[in-house]
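Chain A is the first sequence line, chain B the second, and so forth, proteins listed ahead of strands; every chain is numbered from 1.
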2 protein chains.
Amino acid sequence: MARLNMRELALKLGVDRATVSRALSNDKAHLVAPATRERIRQAAGAAGYRPDLTAATLRRGRSHTVGILVSDLGNETFIEVIRTIFRHLDARSDAPSITPLIAETLDQPDATRRLIHTFLSRRVDAIISLASTEADTAILQDAAREVPVVLAIRAIAGAVFPSALCDDRAGGAMVATHFAERGHKIVCQVQGPPLSATFKNRALGFSEVCASRSIVEMPQRIFAETATSAAGKRTLDALLAVSPRPTAIFAHNDALALGVIEAMRHRGLRCPEDLAIVGFNNTQLSRILAVPLSTVDYPVEEVSRHAGELVRNLIADPSYRFESRLFTPSLIVRASS
Amino acid sequence: MARLNMRELALKLGVDRATVSRALSNDKAHLVAPATRERIRQAAGAAGYRPDLTAATLRRGRSHTVGILVSDLGNETFIEVIRTIFRHLDARSDAPSITPLIAETLDQPDATRRLIHTFLSRRVDAIISLASTEADTAILQDAAREVPVVLAIRAIAGAVFPSALCDDRAGGAMVATHFAERGHKIVCQVQGPPLSATFKNRALGFSEVCASRSIVEMPQRIFAETATSAAGKRTLDALLAVSPRPTAIFAHNDALALGVIEAMRHRGLRCPEDLAIVGFNNTQLSRILAVPLSTVDYPVEEVSRHAGELVRNLIADPSYRFESRLFTPSLIVRASS
DNA sequence: AACATCTTGTCAATCGATTGCAAAAAGTGT
DNA sequence: ACACTTTTTGCAATCGATTGACAAGATGTT
């Protein structure tokens, strides 16, 4: 039942464990005779030898592990970004592959703190947070003194971290401009919880354009408790309660938009005739709806690639002069608006 | 920049590292005087000492880590099961908390093999697979000789693993019975890829009841390339091409069902008047639709709890006489059927 | 006072791989 | 054959926490 370890393997081959170690790692290939090297690799493969990475981590001080904080594992965009980041991290065949440690915070600061401590105890080489809220500033700064911390998707106001973000404000502005061009005079936002910068920025960008184009937001703004379709559905009553009624709605993400749409259908309202809707994220869902949803395409690829690069460079050299970037999303107009 | 380790902490306090270790763990075999213990804990807290878990793992041979294989991180039900399993694993305050290592297989056997090797190299205490396909049998059995392997959600035919499953066959049967009771004579299944036992069993249960109730399946069966709404949407043409037309559809999950529904709307068909639909999983989505979706509720809580228990017991005692269980789902009839 | 018992703490080995240093082996040029 | 570089291998320390064995001190019993 005991695992085969390097010592035994070396013994079996009549060489030193040091030689085995060097034969199996690529970077020091030239340090071991090609013949020996091949013999050792063969034997290791045949015997099913698998190095103990906890031991290697302890010795090297590098775990080839990156901790990822995500607020909600059910969010398609987050998941897509995580996938893409790791595709980029793994694509470098020169570097050893990196194992992600994924943890869900549910936007609870206590959970976040605990999870970060776990990450550090497990000696991650870096932390990527897709879940940052203002409340996490201190703990993230703490962590950053030990390992590189990279922010993706969500920024933290007033704190400087290497980051890869979407220009949510521009996204919000695009939607407002679109509404203006279609002649809407009265509009409304269904906003996600203002816990993270994301929704605040979308709201801001939208409102700025509305103001400059003298479009009225009415009711001023509606907050969904969570950025889910269930919460979105519940907002319709509030939306329709005011007079004059808005003719177009900017839902801060596609799930909220779907909620509103279904609530409308339930009442016999038609989209876009009675109420135009634009979402955010360009999820799978937005494409398959019978009335395809207009939405803002999230620059998943760019954000992920940059986040991956930041992480890779910062791990290689903690004093790397990083550049935080903001990627511009793009409006996709479909039938719903 | 160097982390504080136990040796330094002990030095600072004028005690041995062994004492520190025992003071911080709840070692029962060996006692530490309450006063010392408190003093050490205070100091450790104040100094921000965080034990290095890779070192502890190496020494103990236990990582307090469990590897989770999931085929698709975008699947709400899988995610919910993962969350619930870990809620159960963490709930035991007696045991130290367990860190999940989550990995996505996308149902590719090569990826699965690689990921399992990574898990073992990182010395997980157990593996939970929610992603098992027939192709993974060998590698899973291999892994099982090293650590406990628990199957959840998906079984593997002809292989015995401790498992916590949903009785998909019963679920399929429920839907067929429901259709029979509503007087449907011609029905159809939109089946997910028959890669995993899940969809095969749903199909089987459904077909058995149809046969016994002399309900016709027509067209015989339709396979979506993936269990997503986009794929579901694409199946409608095939569904409507036959004559006589089916009057009710069993979609193997809610995403497929949504795809079909949206395709129907697009064509001006009404649900349930023109075509009744039942999905599977009882996802968030099914509840918020304007025509709420009839669906089969997945026994997430039971499956997760049992999977968690299996893992916990098997880690504690690898020779634990486990019991695999099959949990019965329940039909939820809503407006779509 | 002598002895057993129980607490509390220290010592040192250990988990398995990596790596600086030095020794051995092989290769090169004269 | 000799002095030399270069390549290949071995030795042993090391990463940080845990734990069995043991010692010193405290407490109790007769």
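As a whole-Å value, the separation of A:Met6 CE from C:dT19 P is 11 Å. For the pair B:Asp16 CG and C:dG9 C1', the interatomic distance rounds to 8 Å; values are reported in whole Å. Straight-line distance from the CG atom of A:Leu11 to the P atom of D:dT9: 17 Å, rounded to whole Å. Atom-to-atom, CD of B:Glu38 to P of C:dT8 comes out at 14 Å; the value is rounded to the nearest Å. The interatomic distance linking A:Arg22 (CZ) with D:dT8 (P) rounds to 12 Å, in whole Å. Rounded to a whole Å, the CZ atom of B:Arg7 is 9 Å from the P atom of D:dT14. Taking atom CG of A:Leu31 as the reference point, atom P of C:dT19 lies 11 Å away to the nearest angstrom. When the C1' atom of D:dG16 is taken as reference, atom CG of A:Asp52 falls 14 Å away, rounded to whole Å.
A:Val20 comes within 4.0 angstrom of no nucleic acid atom, judged by non-hydrogen atoms across all strands. Residue contacts shown for A:Ala18 include a base, since a base heavy atom lies under 4.0 Å away. Within 4.0 Å of A:Asn5, counting heavy atoms only, lie sugar-phosphate atoms of the nucleic acid but no base atom. In this structure, B:Thr36 reaches the sugar-phosphate backbone alone: every heavy-atom distance under 4.0 Å involves primed, P, OP1 or OP2 atoms, never a base.
Within the 4.0 Å cut-off from OP1 or OP2 of D:dA17, at least one side-chain nitrogen or oxygen of B:Tyr49 is found. Of the side-chain N and O atoms in B:Thr19, none sit less than 4.0 angstrom from OP1 or OP2 of C:dG9.
You won't find any donor-acceptor pair under 3.5 Å spanning the side chain of A:Arg60 and the base of D:dG16, going by distance alone.
Where B:Ala55 and B:Gly14 meet DNA chain C, the nucleotide closest to each residue was compared, and B:Gly14 sits on the side nearer the 5' end. Map B:Ala33 and A:Pro51 each onto its nearest nucleotide of DNA chain C; the residue landing nearer the 5' end is B:Ala33. Where B:Arg50 and A:Arg17 each meet DNA chain D at their nearest nucleotide, the meeting point lying more 5' is that of A:Arg17.
Salt-bridge check for A:Asp107 with A:Arg154: passed, with a basic side-chain N closer than 4.0 Å to an acidic carboxylate O. Look at B:Arg83 and B:Glu80 and you find a salt bridge, because one of the NZ, NE, NH1 or NH2 atoms lies within 4.0 Å of a carboxylate O, short of that distance. Between B:Arg325 and B:Glu309 no salt bridge is recorded (no basic side-chain N to carboxylate O distance below 4.0 Å).
With C:dG16, C:dT19, D:dT9 as the choices, the nucleotide that has an atom nearest any side-chain atom of B:Arg123 turns out to be C:dG16. Across D:dT9, C:dT19, D:dG16, the shortest atom-to-atom separation from the side chain of A:Leu58 is found for D:dG16. Distance from the side chain of B:Arg59 is smallest to C:dA13 among D:dA13, C:dG9, C:dA13. Of the listed nucleotides (D:dG10, D:dA17, C:dT18), D:dA17 has the atom at the smallest distance from the side chain of B:Ala56.
Nearest heavy atom pair, residue A:Asp136 against residue A:Pro109, reads OD1-CA, 3.8 Å.
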So A:Thr99 and B:Arg122, side-chain hydrogen bond (donor to acceptor under 3.5 Å, both in side chains) or not? Walk me through it.
-> CA-CA 10 Å; A:Thr99 304; B:Arg122 298 212 177 268; 3.0 Å; yes

Dump the intermediate steps for side chain to side chain contact (heavy atoms under 4.5 Å, CB included) on B:Phe119 and B:Val147, then the final yes or no.
-> CA-CA 10 Å; B:Phe119 280 165; B:Val147 297; over 6 Å; no

